[in-house]
Amino acid sequence: MSWMAWTGLTTTFFSVIAVILVCMTVYEIKVPCTERKGFLPISTTRGDRLFIGLLSSAYIHLAFLAVTEFSLMIALALSVIWLAILLRWG
Amino acid sequence: MKKITNNKAWFLVLPVFLLVAFSAIIPIMTVVNYSVQDIFDQNTSYFVGAEWYREMLRSPRLLDSLLRQFSYSFSVLLIEVPLGIAVALMMPAKGRMASVSLILVAIPLLIPWNVVGTIWQTFSRADIGLFGWAVNAIGIDYNYSSNASDAWFTVLLMDVWHWTSLIALLCYSGLRAIPEAFYQAARIDRASSWAIFRYIQLPRLKSVLVIGVLLRFMDSFMIYTEPFVLTGGGPGNSTTFLSQALTKMAIGQFDLGPAAAFSLIYYLIVLLVCYLFFTVINLQDKAK
Amino acid sequence: MQINKRKTLGMTAYLLFLLVPIYWLLNMSFKKNDEILGTLTLWPNNFTFDNYITIFSDPSWYMGYVNSMIYVSMNMVITLIVALPAAYAFSRYKFVGDKHLFFWLLTNRMAPPAVFLLPFFQLYSSVGLFDTHIAVALAHCLFTVPLAVWILEGFISGVPREVDETAFIDGYSFQRFFIRIFLPMISSGIGVTAFFCFMFSWVELLLAKTLTSVEAKPIAAIMTRTVGAAGIDWGLLAAAGILTIIPGILVIYFVRNHVAKGFALGRV
């Protein structure tokens, strides 16, 4: 495994993603969700909103890196808020 | 078709999932790990955080090759899709000639990519290649190894030669699926051939075209072998597309960190484009 | 009649455009190097089979073809075996995460191969598969399997589900139904899928080259060897190139009757 060059940060990152996926799966089996239409232009399921949220969070981080000198913590906080909004009202 | 909800279906999907996960997830995790470190060799590396991402996002090299990539991919689609449809319409529908032309049209698809590069490398040379010689003979100064726009044009021509057949074959089989009754009705109405194309053939081609466009977009976006063999990315950087810029960085200079960051950015872009495509396809399916 | 004439003319022009470059390769393969590099000749002045003789008498050349054939066929078999049940599941059932799994599979066709080369090399070395045919076959599954699932799903959706239900009522077990009844019904889909697997596995160079060194080296990688001290041996390169085209022609010849139906991927 040493060739994979793990670091603390990336281990945390992938663990968080894995935990989110597991939680969403369990939640989905317990309470199956139906498609609905929120403020996004298409009707989505919970999983769709999660994917859209994660993808846009990645872009938020990239945008922060590209045009600002702010700490990425701000981008992270923004992403979490955005993800929550998206999951709730998207 | 109405589908039954059954989570046991996962057992049927599991082999695919494991097989693809093995070759997909482990390497991509490794690339993410590389992207936050400065790697000197197997055992020496330093954590640098988001530094590579910042550097790559602000480097004109990345933006240049990204722009070049987009303009190339769009040119490819712009030429190959209409040409492919035209070829499909011209292909004979029945008889021996249909088989023969089918086989001939499919040949370029089955040639290894470096051989395609080799073919065009010699074919377009002004001194010993028929194409290069012919273009120069009609009075156009053409030399793909020294003139940037000539090189770009040659790579594009090579791609058209190589891949138009895919669109043509997809459309050809789409056309064959149209029932004869549709044409008979059109004949009774004395519809012009343009009207037949616009109102009968094109709508039926839509779903195959989506597949063709998606495949062509993805493949042209990571084109590597053919321009590498043909021009090596030159002259200058005129035909250095994304994949090549990446390979130069990762293998040539062993800048693993920046190359990994660069390729993750690249992956995110392709992911977004394909997600949009995929959503559109799903919406279409639903509308049916 | 006017239109038919124009169609034939257009088709002929397109076929010429396709075939002239290939003729050029064929032409070169029968020439000696000094003739190739010396002047422009439309056909070989000194016709020679030397280039082909070199290839067929040197095991390090012709084994390349054998290696390529082995991993391409392995890839076809593995892909079909895993993709058929998966495609059936996607077309017949709804299950947790189905749409996302499907999308994730497709995204693997888009990963830029260049940077994944080093992790791939290390991954396959660490499990002891480096320089084996199976390693290349597995690596190529990364892009053939998603495509195969996608194509087969279209075909399977074209078979009405009443067929399945009738068979189950008649007392067929799932396996027997799948092999005896279902597979023959989607045979053209399987043919086209095999064609696509062949197409993408046969032509791929980067991964195949990275994952092999001697034992399983594919022909495409061996061809890069012709760059010697005296420059590129164009005649040999051209002959090797021509020989890589022949298996492709054979494959398309076998599936030609499925193409009309099958290439639309069952989605029309």
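Just so we're on the same page: letters track the sequence lines, and every chain starts at 1.
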*Should we count CZ of B/Phe11 as having more than 12 external heavy atoms under 6.0 Å?*
no
*OG1/B/Thr279 to CD1/A/Ile52 distance, rounded to the nearest 0.5 angstrom?*
7.0 Å
*For A/Thr68, is it the side chain, the backbone, both, or neither that has a heavy atom closer than 4.5 Å to a heavy atom of chain B?*
backbone
_Using 0.5 Å steps for rounding, measure from the CG atom of A/Leu65 to the CG atom of B/Leu57._
6.0 Å
*asked:* Can you tell me if B/Tyr199 has over 12 outside heavy atoms packed within less than 6.0 Å of its OH?
replied: no
*Given that the side chain runs from C-beta out, which part of B/Val36 has a heavy atom under 4.5 Å from chain A: side chain, backbone, both or neither?*
side chain
*For the candidates B/Ile26, B/Leu271, B/Thr30, which exhibits the highest count of non-hydrogen atom pairs separated by less than 4.5 Å from chain A?*
B/Thr30
*Which one of B/Met56, B/Gln37, B/Glu55 has the most heavy-atom pairs closer than 4.5 Å to chain A?*
B/Gln37
*Counting only N and O atoms by type, is there a donor-acceptor contact under 3.5 Å from the side chain of B/Arg58 to the main-chain atoms of A/Ala66?*
yes
*Look at atom CZ of B/Phe221 and say whether more than 12 heavy atoms of other residues, nucleotides or ligands are closer to it than 6.0 Å.*
yes
*Counterpart residues, side chain to side chain contact (heavy atoms under 4.5 Å, CB included), relative to A/Ala58 (two or more places apart)*: B/Leu268
*Under 4.5 Å from any heavy atom of chain B - which part of A/Leu62*: both
*asked:* Just verifying a value: how many Å separate A/Ile17 CD1 and B/Met29 CE, rounded to the nearest 0.5 Å?
replied: 9.5 Å
*Are more than 12 heavy atoms from other residues, nucleotides or ligands located less than 6.0 Å from atom NZ of A/Lys37?*
yes
_Pair A/Tyr59-B/Ile269, side chain to side chain contact (heavy atoms under 4.5 Å, CB included): steps then yes or no_ = CA-CA 9 Å; A/Tyr59 275 93; B/Ile269 294 168; 4.0 Å; yes
*When rounded to the nearest 0.5 angstrom, what is the spacing between CD1 in B/Ile25 and CZ in A/Phe14?*
9.0 Å
*How many angstroms lie between CG in A/Leu72 and OH in B/Tyr53, if you round to the nearest 0.5 Å?*
10.5 Å
